[in-house]
There are 2 protein chains.
Amino acid sequence: MAWKESHKQVSRERILTAAAKLFTHKGFDQVGIDDVMQTAGMTRGAFYAHFSSKTELYEQAIINAGLAAAAHFNEGKLSLDELINRYLSQAHLRSNDIRCPLPCLVSDMAHEDERVKHTYTKILKGFTQHLDAITEGKSNADTVLLQAVLLIGGMAVARSITDEKLSKKILSVCSEAAKNAAAN
Amino acid sequence: MAWKESHKQVSRERILTAAAKLFTHKGFDQVGIDDVMQTAGMTRGAFYAHFSSKTELYEQAIINAGLAAAAHFNEGKLSLDELINRYLSQAHLRSNDIRCPLPCLVSDMAHEDERVKHTYTKILKGFTQHLDAITEGKSNADTVLLQAVLLIGGMAVARSITDEKLSKKILSVCSEAAKNAAAN
DNA sequence: GTCTATAATCGGATAGAC
DNA sequence: GTCTATCCGATTATAGAC
């Protein structure tokens with residue numbers, strides 16, 4: 001019994017990991033259940049033993065991606081400046097792994113239903129709370145929001161263009177501004 | 001002959017206007033050619049007399065939306081502060097008309113082909129050039145890029161969440177930061 | 001150039017064997 | 001729980017009448 005339960009959990013995790021990666025890279029519509037299940041090493045038919053619909057998977061996958069990103073960008077208890085450097089890095093810009101869902105899906109949310117948008121909102125609040133916690137009281141709500149927009153918006157805009165030089169410039173300008181935000 | 005030519009132009013403009021509105025509101029995948037043509041007052045079959053594919057329409061519609069937004073946000077030769085106020089306004093946040101494609105489609109671009117991304121890049125450059133021109137040499141390239149990210153990113157993030165209070169807060173924080181950007 | 005009708009395909013969801 | 005096979009709706013694109 002315990003065997004089977006844990007096996008199902010493992011399959012579910014594989015599906016979620018595949019979905020988190022695919023959705024953050026390609027968005028909701030351009031990812032099929034087929035893609036997800038093949039990446040997870042299974043076939044289409046097995047999907048509905050784990051999730052009731054593609055939308056439910058999306059919601060769970062976004063949470064999963066958010067947690068993975070939080071773990072990644074918090075590895076080693078970084079300072080604020082180190083976090084900013086890592087978040088707005090070339091490595092994050094072109095990561096082949098799960099990406100932070102906040103910049104990847106920011107404009108996609110306008111088309112999604114309220115439930116999914118609500119999940120996104122919670123992830124954003126988790127992000128700002130982390131930014132707040134990392135500065136240990138030296139910051140305030142406005143500063144943290146500004147930093148969040150610079151990180152999310154900077155990464156989103158840098159990814160959306162073909163001019164690599166401009167892309168790098170955007171990352172560096174946003175990085176500097178985010179670090180200096182507390183001073184104003 | 002001139003009649004027919006101009007009639008075709010009028011139809012094409014109607015399609016483009018409908019497409020610009022629908023794409024900026026719902027994104028590429030969630031808009032069908034049917035939707036566009038019905039909004040334009042025609043039927044599906046007429047579409048291919050004007051565009052060779054949905055992707056070609058998308059590209060042209062983005063340009064159209066960019067021009068419409070530029071005209072709208074430049075109406076009356078605004079100062080930089082007035083432009084920022086108008087761009088990050090509640091009216092723009094919830095506009096039922098054509099919206100600026102830059103925040104609407106920022107994360108969608110990651111999934112599009114190079115040609116479409118290149119079009120988006122040109123619109124972004126037009127936006128920054130306008131920000132540069134409006135300040136009449138009092139600004140520099142870095143400041144203008146920072147302001148662009150604050151306007152585009154601020155609007156995109158504000159639209160992506162369900163918490164209205166937080167949404168307004170984001171707009172006001174970004175507005176203030178964009179106005180003060182030149183000072184740093 | 002615009003219409004109706006249709007071809008061809010793709011993707012989400014279900015049914016039933018194992 | 002996972003597989004194969006299938007249904008069904010939606011959508012892009014084309015064909016041919018007017």
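The structure presented is a predicted model; accordingly, all values stated were derived computationally and were not measured. Each chain gets a letter, A, B and so on, in the order the sequences are listed, and its residues count up from 1.
- Atom SG in B:Cys104 sits 8.5 Å away from atom CE in B:Met155 (nearest 0.5 Å).
- With A:Leu151 as reference, A:Leu131 is the one residue of A:Leu102, A:Leu171, A:Leu131 to meet the side chain to side chain contact (heavy atoms under 4.5 Å, CB included) rule.
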*What one-letter contact string describes nucleotides 9-16 of chain D from 5' to 3', where B marks a base within less than 4.0 Å of any protein heavy atom, S marks contact via sugar-phosphate atoms alone, and - marks no contact?*
---BBB--
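- A rotation axis mapping the C1' atoms of four pairs onto the next four is fitted at both ends of the helix from C:dG1-D:dC18 to C:dC18-D:dG1 over five pairs, and the angle between these axes is 10° to 10 degrees.
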*Stepwise, does the side-chain contact (heavy atoms from CB on, under 4.5 Å) test hold for B:Thr162 with A:Tyr120?*
CA-CA 9 Å; B:Thr162 53; A:Tyr120 184 95; over 6 Å; no
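- To the nearest 0.5 Å, atom CG of residue B:Asp34 and atom CZ of residue B:Phe47 are 11.5 Å apart.
- B:Phe51 has its CZ atom 13 Å from the P atom of C:dG1, to the nearest Å.
- One interatomic measurement links the two molecules: CE of B:Met37 to P of C:dC3, which rounds to 7 Å at whole-angstrom precision.
- When the P atom of C:dG11 is taken as reference, atom CG of A:Leu57 falls 16 Å away, rounded to whole Å.
- Residue A:Thr43 has no polar side-chain atom (N or O) positioned under 4.0 Å from OP1 or OP2 of D:dT2.
- Remark: B:Asp163 pairs with A:Lys125 by the salt bridge (charged side-chain N to carboxylate O under 4.0 Å, His left out) rule, at least two apart or across chains.
- For A:His111 and A:Phe28, the ring centers are positioned 6.0 Å apart or more.
- Annotation for A:Ala61 and A:Phe23: closest pair CB-CD1, 3.8 Å, computed over non-hydrogen atoms.
- Proximity of a side-chain donor or acceptor of B:His25 to a complementary backbone N or O of A:Ala110 within less than 3.5 Å is not detected.
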